[in-house]
> 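Structure provided below as structure tokens; questions to follow.
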Amino acid sequence: MTFPALTHVAVTVTDLAVSTPWYRALFGADPALDEDTDAGFHHVVWQLGADTLFGIHQHSTEAPREKFSEFRAGLDHVAFGCASRAELQTWVERLDELGLSHGGIVDAHYGSGVSFRDPDGIALEFFAPPG
């Protein structure tokens with residue numbers, strides 16, 4: 001049996017009014033879905049490529065005031081796939097245009113990545129395989 005592909009990622013944010021425009025600018029697109037649910041949260045969701053959704057959630061229960069930390073059990077980071085190191089450079093330029101700080105391209109034997117953070121400090125990355 002083949003393990004199924006990842007279909008969506010949803011992260012909790014503290015303020016949709018801040019995070020929605022931030023992610024809209026990053027993705028360069030309007031969300032595919034923006035709704036309150038009966039489950040106690042409001043979510044905004046983008047379609048990324050043909051098969052992946054990325055959502056941000058704000059729960060009716062207030063989130064703790066601490067910033068995201070990849071050192072706490074749970075999510076470490078979310079990586080968006082790029083085909084090549086050259087594509088990573090394009091994303092570095094796009095992050096610069098948006099005024100978003102990042103760590104520049106970091107090369108390793110397993111691939112190259114550009115790390116940055118959203119308004120809540122959630123760790124994000126553009127990643128390309130080696131070669």
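All values derive from a computational prediction rather than experimental measurement.
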> Sort out for me which residue in H102, R117, H77 forms a side-chain hydrogen bond (donor to acceptor under 3.5 Å, both in side chains) with E125.
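Of the listed options, the one satisfying the test is H77.
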> When you compare the side chain of V13 with that of P119, does any pair of heavy atoms fall below 4.5 Å?
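Counting from C-beta outward, P119 and V13 never come under 4.5 Å.
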> Specify the closest pair of heavy atoms between H42 and L16, including all atoms of both residues, with the distance to one decimal.
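In terms of heavy atoms, the two residues are closest at CD2-CD1, 3.3 Å.
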> To the nearest 0.5 Å, what is the distance between CH2 on W22 and CG on L100?
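The distance works out to 5.5 Å.
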> CD1/I105 to CH2/W91 distance, rounded to the nearest 0.5 angstrom?
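These two atoms lie 13.0 Å from each other.
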> So, applying side-chain contact (heavy atoms from CB on, under 4.5 Å) with H59, which one of T14, T12, T37 is it?
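With H59 as partner, T14, T12, T37 yield a single side-chain contact (heavy atoms from CB on, under 4.5 Å), made by T12.
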> Can you name the nearest heavy-atom pair linking C82 to L88, along with the distance?
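Shortest heavy-atom separation between C82 and L88 comes out as SG-CD2, 3.8 Å.
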> Should the pair W46 and Y23 be assigned to parallel (<30°), tilted (30 to 60°) or perpendicular (>60°) ring geometry?
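Tilted, since the angle between the ring planes falls between 30° and 60°.
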> Quick one, L26 with L95, criterion side-chain contact (heavy atoms from CB on, under 4.5 Å). Give me CA distance, side-chain angles, the key distance, then yes/no.
CA-CA 8 Å; L26 177 67; L95 293 172; 3.9 Å; yes
> Say whether E35 and H43, considering side chains only, have a donor N or O and an acceptor N or O under 3.5 Å apart.
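The criterion, which ignores hydrogens and geometry beyond distance, is satisfied for H43 and E35.
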> Taking all non-hydrogen atoms of both residues, which atom of P130 and which atom of Y110 are closest, and how far apart?
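Taking every non-hydrogen atom into account, CD-O, 3.2 Å.
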> Would you call the rings of F54 and F80 parallel, tilted or perpendicular, where under 30° means parallel and over 60° means perpendicular?
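Tilted, since the angle between the ring planes falls between 30° and 60°.
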> Please round to the nearest 0.5 Å and tell me the distance separating atom OG of S69 and atom CG of L75.
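Rounded to the nearest 0.5 Å, the OG-CG separation comes out at 10.5 Å.
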> What are the two closest non-hydrogen atoms of H57 and F41, and how far apart are they?
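Minimum heavy-atom contact is CE1-CE1, 3.5 Å.
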> Using every non-hydrogen atom in the two residues, find where A25 and L98 come nearest and quote the distance to one decimal.
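Shortest heavy-atom contact: O-CD1, 3.8 Å.
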> Please find the pair of heavy atoms, one from Q47 and one from L53, that lie closest to each other, and give the distance.
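Reported closest heavy-atom pair: OE1-CD2, 3.2 Å.
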> Testing V78, V11, V114 for side-chain contact (heavy atoms from CB on, under 4.5 Å) with L124, which one passes?
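Testing L124 for a side-chain contact (heavy atoms from CB on, under 4.5 Å) against V78, V11, V114 leaves exactly one candidate, V78.
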> Should F116 and F127 be counted in the same cluster of Ile, Leu, Val, Met, Phe, Trp and Tyr side chains packed under 4.5 Å apart?
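Cluster IDs for F116 and F127 differ.
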> Does a side-chain heavy-atom distance below 4.5 Å link D107 with S112?
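Touching, per the 4.5 Å side-chain cut-off.
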> Nearest 0.5 angstrom please: I56 CD1 to T20 OG1, how far?
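If we round to the nearest 0.5 Å, I56:CD1 and T20:OG1 are 3.5 Å apart.
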> Would S19 and D120 satisfy side-chain contact (heavy atoms from CB on, under 4.5 Å), going step by step from the backbone distance to the final call?
CA-CA 8 Å; S19 294; D120 284 298; 3.7 Å; yes
